Amino acid sequence: MDGNGRWAQRRWLPRAAGHRAGVSVLTPLLETAGRAGVKTLTLYAFSTENWARPESEVKTLMKLFLETARQKVPELDERGARLRFLGRREHLPASVREAMQEAEQMTAANESLDVYIALNYGGRAEIVDATRRIVADGLSPDEVDERTFASYLYAPDVPEVDLVIRTSGELRVSNFLLWQIAYAEFYVTETLWPDFSPQEFLQAIESFASRSRRRGGV
Ligand code: IPE
Ligand code: MG
């Protein structure tokens, strides 16, 4: 969900206003995802690198997360979405961790759409954390194959990613789902996240649907 800052800057608004505008596109997008038959959607909300931002912006983002969770989790629950989080929880404020747990519990039995929020998430951190747990479990080298490794990731049932949508025109991966995107297709758009519309979301899905995925084959 990139481009909130630039969206605000272009309007001479504080960055916080961009983050707020970014939140407001979530409901229509999730609705569209459900209608389009998307089964799993992951939103990159806060990376392990985002702590490098000014303390005031980090605080704003955490506050906004709490506010958004309070408002949107019941809404998502009603729509049958199951919410889960990816990332290192231990460094997050207690209030945020509690809200995460509550959201997961409230929506655990839902089945229509899986929504993952990557929060304090880093792809490298995920791989390191998985490796640590493999070592702690005492697995022998020949027990570790791709399937076993994947079962140690934050959410083992996150399927292989089909499509990564990157807003704000950046041509980089930014530590997002490194393991899971091995064969993902990319859709990069100049659109800033707060302007990302359901129409463009459908356009991205259409673009994905027209590609031939060979996965190293012919
Ligand atoms: C939102 O966009 C990403 C979050 C960390 C919430 P940015 O804040 O990175 O926006 P730009 O890149 O400065 O435009
Ligand atoms: Mg950015």
Side-chain angles (χ1 to χ4, degrees), residues 1-30 32-33 40-73 75-76 81 83-93 95-100 103-104 115-126 129 154-155 158 161 163-178 180-181 184 186-198 200-201 204:
M1 299 187 280
D2 200 11
N4 295 347
R6 279 161 281 175
W7 184 94
Q9 204 172 20
R10 285 180 195 173
R11 289 162 178 76
W12 303 96
L13 292 168
R15 293 178 61 83
H19 294 312
R20 253 174 213 291
V23 167
S24 71
V25 305
L26 287 174
T27 298
L29 280 180
L30 288 165
T32 309
T40 309
L41 188 79
T42 305
L43 297 159
Y44 202 177
F46 192 85
S47 76
T48 46
E49 289 73 44
N50 286 149
W51 296 106
R53 296 191 177 200
E55 203 188 318
S56 62
E57 183 170 350
V58 171
K59 267 200 177 139
T60 300
L61 286 168
M62 295 296 157
K63 223 178 91 191
L64 193 58
F65 169 78
L66 285 174
E67 228 181 277
T68 307
R70 221 169 290 133
Q71 195 196 340
K72 303 246 189 254
V73 173
E75 211 179 276
L76 279 166
L83 254 171
R84 281 180 296 172
F85 294 88
L86 308 174
R88 282 186 175 159
R89 299 191 185 210
E90 62 272 18
H91 305 296
L92 291 163
S95 54
V96 169
R97 291 200 312 262
E98 279 157 26
M100 289 160 76
E104 287 181 326
V115 179
Y116 291 93
I117 313 283
L119 196 68
N120 194 21
Y121 176 85
R124 286 185 172 178
E126 179 171 33
D129 290 351
Y154 291 138
V158 170
V161 172
L163 173 66
V164 175
I165 298 176
R166 174 95 213 206
T167 55
S168 85
E170 308 294 0
L171 299 173
R172 52 179 171 264
V173 172
S174 300
N175 210 4
F176 184 56
L177 301 180
L178 293 183
Q180 300 87 338
I181 63 168
F186 276 75
Y187 177 89
V188 179
T189 173
E190 290 292 326
T191 305
L192 303 174
W193 176 256
D195 293 326
F196 190 69
S197 63
E200 190 170 7
F201 184 41

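Order of appearance sets the numbers: ligands from 1, and atoms from 1 within every ligand. Because the structure is a prediction, the values reported are computed rather than measured.
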* Structure fact -> Protein-derived N, O or S atoms lying less than 2.8 Å from the Mg ion (ligand 2), waters not counted, sum to 1
* To do: Kindly state each residue pair satisfying side chain to side chain donor-acceptor pair (under 3.5 Å) with at least one member in residues 17-29, sequence neighbours excluded.
  => Asn4-His19, His19-Glu57, Arg20-Glu67, Thr27-Lys72, Thr27-Glu75
* **Val96 side chain reached by Asn120 side chain, heavy atoms, under 4.5 Å** => no
* Structure fact -> Expected contact list for ligand 1 at under 4.0 angstrom, heavy-atom basis, is Met1, Asp2, Gly3, Asn4, Gly5, Arg6, Arg15, His19, Ala45, Asn50, Arg53, Leu61
* Kindly say whether Glu126 contributes a backbone atom to a donor-acceptor pair with the side chain of Asp129 at under 3.5 angstrom? => no
* Asked: Salt bridge or not for Glu170 and Arg6, using N-O below 4.0 Å?
  -> yes
* Plane angle bin for Phe176 and Tyr44 - parallel if under 30°, tilted between 30 and 60°, otherwise perpendicular -> parallel
* By side chain to side chain donor-acceptor pair (under 3.5 Å) - contacts of Thr191 (at least two apart) -> Thr189, Glu200
* Asked: Quick one: is the NZ or CZ of Arg11 closer than 6.0 Å to the six-membered ring centre of Trp7, and within 45° of its axis?
  -> yes
* Please round to the nearest 0.5 Å and tell me the distance separating atom CZ of Arg53 and atom OG of Ser47. => 7.5 Å
* To do: Show your working on side chain to side chain donor-acceptor pair (under 3.5 Å) between Ser174 and Arg166 and close with a plain yes or no.
  => CA-CA 10 Å; Ser174 300; Arg166 174 95 213 206; 2.8 Å; yes
